[in-house]
Amino acid sequence: MGTQTDSPRTPRADGVRNRTLLIDSARQAFAERGVESSLEDIARRAGVGIGTLYRHFPTRDSLVEAVYRREVETLCDAADEFLASLPADQALSAWMQRFVSYVATKRGMTSALKSMLSADATLFDDCRRQMNEAATRLLAAGVATGLVRADVSGADLLRAM
């Protein structure tokens with residue numbers, strides 16, 4: 001008799017790959033045609049069947065949420081990448097440009113995200129916190145070099161953008 005473990009099963013490599021392909025395909029489709037893009041088209045773009053899409057994302061909202069989370073993660077990761085490769089003021093500028101691109105991508109998902117806001121406030125709280133932390137790291141680096149005013153917070157920067 002086998003032992004039961006409390007740890008979740010490690011996803012198979014092909015499952016992880018398919019999930020990533022679906023999210024990337026959905027992001028492109030949403031940017032081009034909004035969240036009402038055909039799920040069949042998204043699956044086709046990803047090179048998988050519609051059943052695979054539904055196995056990973058049982059609802060359109062779950063797919064929209066995954067795309068939104070990925071965009072936020074990509075945006076926040078870019079802050080550290082820019083800080084590692086650019087002077088603080090240039091890193092902040094590059095990240096602000098990336099933020100504008102993020103907003104443009106999110107625009108295609110606005111209606112679905114608004115309906116999700118009331119259903120899952122923690123999604124937006126988590127994402128807002130991540131973006132605020134990224135902006136705060138960038139500003140702190142700028143303040144440390146004397147290139148950015150010390151009286152601007154990450155939240156202020158996000159509101160201004």
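Remember, it's a predicted structure, so these values are computed and weren't measured experimentally.
- Side-chain contact check for Phe30 versus Tyr68: every heavy-atom pair is 4.5 Å or farther apart.
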What donor-acceptor contacts under 3.5 angstrom involve side-chain atoms of residues 86-99, with partners at least two apart or in another chain?
from: Trp95; atom 1: NE1; to: Leu75; atom 2: O; distance (Å): 2.8

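- A 4.5 Å side-chain heavy-atom check between Ile42 and Leu39 finds at least one atom pair inside the cut-off.
- Across every non-hydrogen atom of Ala155 and Asn132, the tightest pair is N-OD1, 2.9 Å.
- Note on Leu21 and Ile23: separate hydrophobic clusters, where clusters join Ile, Leu, Val, Met, Phe, Trp and Tyr whose side-chain heavy atoms are under 4.5 Å apart, directly or indirectly.
- The heavy-atom pair separating Ala150 from Val143 by the smallest distance is CA-CG2, 3.7 Å.
- Atom CZ of Arg128 and atom OG1 of Thr122 lie 11.0 Å apart (nearest 0.5 Å).
- Side-chain atoms of Thr74 come within 3.5 Å of backbone atoms of Arg70 as a donor-acceptor pair (strictly under, hydrogens ignored).
- Between Val16 and Arg19, the closest side-chain pair of non-hydrogen atoms is not below 4.5 Å.
- Rounded to the nearest 0.5 angstrom, Ser25 OG and Arg44 CZ are separated by 11.0 Å.
- In this structure, Asp156 contributes its side chain and Ser153 its backbone to a donor-acceptor pair below 3.5 Å.
- By the 4.0 Å N-to-carboxylate-O rule, Arg45 lies close enough to Asp41 to be salt-bridged with it.
- Contact check for Glu133 versus Cys76: no side-chain heavy atoms found under the 4.5 Å cut-off.
- The stretch residues 76-88 participates, sequence neighbours left out, in these side-chain hydrogen bond (donor to acceptor under 3.5 Å, both in side chains) pairs: Asp80-Arg137.
- When all heavy atoms are compared, the tightest approach of Leu22 to Ala43 is CD2-CA, 4.1 Å.
- Of the charged side-chain nitrogens involved, at least one lies within less than 4.0 Å of a carboxylate oxygen, so that Glu65 and Arg69 count as a salt-bridged pair.
- Ser38 OG to Arg33 CZ: the interatomic distance, rounded to the nearest 0.5 Å, is 8.0 Å.
- The shortest heavy-atom contact between Val67 and Ala26 is CG2-CB, 3.7 Å.
- You'll find the side chain of Arg17 reaches within 4.5 Å of the side chain of Asp14, heavy atoms only.
- Between the Arg60 side chain and the Val35 main chain, a donor and an acceptor come within less than 3.5 Å of each other.
- A distance of 4.5 Å separates CD1 of Ile50 from CD of Glu40, quoted to the nearest 0.5 Å.
- Interatomic distance, CG of Asn18 versus CG of Leu53, reported as 10.0 Å (0.5 Å rounding).
- Counting heavy atoms from C-beta on, the side chains of Val72 and Tyr102 come closer than 4.5 Å.
- The SG atom of Cys127 lies 11.0 Å from the CD atom of Glu71; values are rounded to the nearest 0.5 Å.
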